Each structure stands twice: as C-alpha cells, then as structure tokens.
A.B. asks: 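One structure follows; several queries about it will come next.
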Amino acid sequence: MRFPLEVVEAVRAVWPKDRPLGMRITGRDWAEGGIEVADAVAFARALKKIGVDFVCVTSGGLVPDAKIAVGPNYQTPFAEAVRREADIPTRAVGLIAAPRQAEAIVAEGKADMVALARAFLDNPHWAWAAARALGAEVAQPPQYQRAGLRNWPAAFERD
Ligand SMILES: Cc1cc2nc3c(=O)[nH]c(=O)nc-3n(C[C@H](O)[C@H](O)[C@H](O)COP(=O)(O)O)c2cc1C
C-alpha cells in the first residue's frame, strides 16, 4: 500500500479541505492468491485515515487468466463490504445500467453512490431518462427545456 498511500497524502496536502477526495480501488482481482475483498477493506481503512472521503470499488483483470464472474451488479458486493467494514462512503460500479437497479443499490445501503460508464457512453442523457423513470425532477439548461416531454404535443411522446 505504501506507494498509493504516499500519492494520496501528497494529493490531500494540496487539495482543498472542503473538496471531497475519492479514490478508485480494487475490490478483488479474481486471481488465485491475488487481491481479495479483505485487502480492499484494509486499504480503504488506511485511505480513510489519511483523509480520503470515499472509495469507488471496482475489480481488476490484472492477469490474463483471471476468471471474472461478470453480471449485473457483479462488483457491488465489494463496495458493500468495504462500506460496512471500513466505514467509509463507497461508490459501486460495474454493469449498473437500469434506473431502478441503480436506485436500489443506494436505497438498500449497499453503496452511497453509483457510477455508470458504458450506459452513459451509450446515452449521455441517461440521468434525465432515469429521473423521468423514477419520477424525479432534474434541472435542465433553459435551452433544453423546450425539448422536455411535458412541452411536447402528446402525439410526440416517446415513452
Ligand atoms: C472506454 C472506457 C474507458 C475506461 N477507462 C477507465 C479508466 O481509465 N480507469 C478506470 O478505472 N476504469 C476505466 N473504465 C472502466 C469504467 O470506469 C467502469 O468501471 C467499467 O466500464 C464498468 O462499469 P460499466 O459496467 O458501467 O461500464 C473504462 C471503461 C470504458 C468503457
């Protein structure tokens, strides 16, 4: 852990105290004798101690023969364990793509935040669609408001 902890200490020293500092860590590397979630918990505890505010828990294909059990939420249990055992806010990531799936992870206390990568590459307006699906209002730039569904004639409704 020495190298990343030294890097974080250097970053924290210059990053404003009132701005959050997060770090992405490996929850498991799926390799025999490799990084396990207990290692991630120990690392997260050390990061918390030196002023990291949250960790994003992913998992790594660090070696070619890693056998990764990919599926929806497949890395969320790592975020959940780190949150519970290291007592640090966590962000879950990895095959989170549906609004209700994302919402459930936070609502059920498995993570404090979720991160989406490919879903956002596929649809950069994912958050707006998710807000609509979950019945929430989000701010839009004024020039986009004219495109909001409620401003469209019913015949043009898309969903
Ligand atoms: C084009 C692309 C680039 C990525 N680059 C990085 C990266 O630089 N660092 C990193 O930690 N993860 C990177 N990732 C992984 C994503 O951050 C994310 O963890 C992964 O895609 C799983 O989330 P998803 O199922 O929502 O896509 C990248 C993913 C994609 C698709």
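Since we're looking at a predicted model, the values are computed, not measured. Counting begins at 1 with the first residue of the sequence. Counting convention: from 1, in listed order, for ligands and their atoms alike.
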A.B. asks: Can you list the steps and then say if Val114 with Val93 is a side-chain contact (heavy atoms from CB on, under 4.5 Å)?
C.D. replies: CA-CA 6 Å; Val114 291; Val93 67; over 6 Å; no

A.B. asks: Is any N or O atom of Ala115, backbone or side chain, closer than 3.5 Å to an N or O atom of ligand 1?
C.D. replies: no

A.B. asks: Can you tell me which residue and heavy atom of the protein come closest to atom 27 (O) of ligand 1, and the distance to 0.1 Å?
C.D. replies: Arg118 NE, 2.6 Å

A.B. asks: Between Gln140 and Gln145, what is the shortest heavy-atom contact and its length?
C.D. replies: O-NE2, 3.2 Å

A.B. asks: Considering all heavy atoms of both residues, which atom of Ala133 and which atom of Arg100 are nearest to each other, and what is their separation?
C.D. replies: O-NH2, 2.9 Å

A.B. asks: Can we say Asp112 and Arg91 salt-bridge, meaning some charged N sits less than 4.0 Å from an Asp/Glu carboxylate O?
C.D. replies: no

A.B. asks: Can you tell which of Leu47, Val52, Thr58, Thr90 makes a side chain to side chain contact (heavy atoms under 4.5 Å, CB included) with Ile25?
C.D. replies: Leu47

A.B. asks: Under a heavy-atom criterion of less than 4.0 Å, does Ala119 contact ligand 1?
C.D. replies: no

A.B. asks: Under 4.0 Å from atom 22 (C) of ligand 1, do we find at least one protein heavy atom?
C.D. replies: yes

A.B. asks: Using protein heavy atoms only, decide if any is under 4.0 Å from atom 16 (C) of ligand 1.
C.D. replies: yes

A.B. asks: Output the list of atoms in ligand 1 that are nearer than 4.0 Å to some heavy atom of Leu95, sorted by atom number.
C.D. replies: 24 (P), 25 (O)

A.B. asks: At what distance is the nearest protein heavy atom to atom 18 (C) of ligand 1, and which residue and atom is it?
C.D. replies: Ala117 CB, 3.7 Å

A.B. asks: Could you walk me through whether Gln75 and Arg28 pass side-chain contact (heavy atoms from CB on, under 4.5 Å), step by step?
C.D. replies: CA-CA 9 Å; Gln75 298 176 147; Arg28 184 177 183 190; over 6 Å; no

A.B. asks: Could you tell me, atom by atom, which parts of ligand 1 come under 4.0 Å of a heavy atom of Gly94?
C.D. replies: 22 (C), 23 (O), 25 (O)

A.B. asks: Protein heavy-atom contact under 4.0 Å for atom 25 (O) of ligand 1?
C.D. replies: yes

A.B. asks: Just need the protein heavy atom nearest to atom 9 (N) of ligand 1, so name the residue and atom and give the distance.
C.D. replies: Arg24 NH1, 4.7 Å

A.B. asks: Are there protein heavy-atom neighbours of atom 4 (C) of ligand 1 below 4.0 Å?
C.D. replies: no

A.B. asks: Near Leu116, which atoms of ligand 1 are under 4.0 Å from a heavy atom of that residue?
C.D. replies: 26 (O)

A.B. asks: So, for Tyr74 and Ser59, which heavy atoms are closest and what is the spacing to 0.1 Å?
C.D. replies: CE1-OG, 4.1 Å

A.B. asks: Nearest to atom 2 (C) of ligand 1, what protein heavy atom do you find, and at what distance?
C.D. replies: Leu121 CD1, 4.7 Å

A.B. asks: Between Trp30 and Phe78, does a ring pair (Phe, Tyr, Trp, His ring centres under 6.0 Å) hold up when you go through it step by step?
C.D. replies: CA-CA 12 Å; Trp30 308 97; Phe78 308 140; 5.7 Å; yes

A.B. asks: Taking atom CZ of Arg19 and atom CG of Asp53, what is their separation to the nearest 0.5 Å?
C.D. replies: 12.5 Å

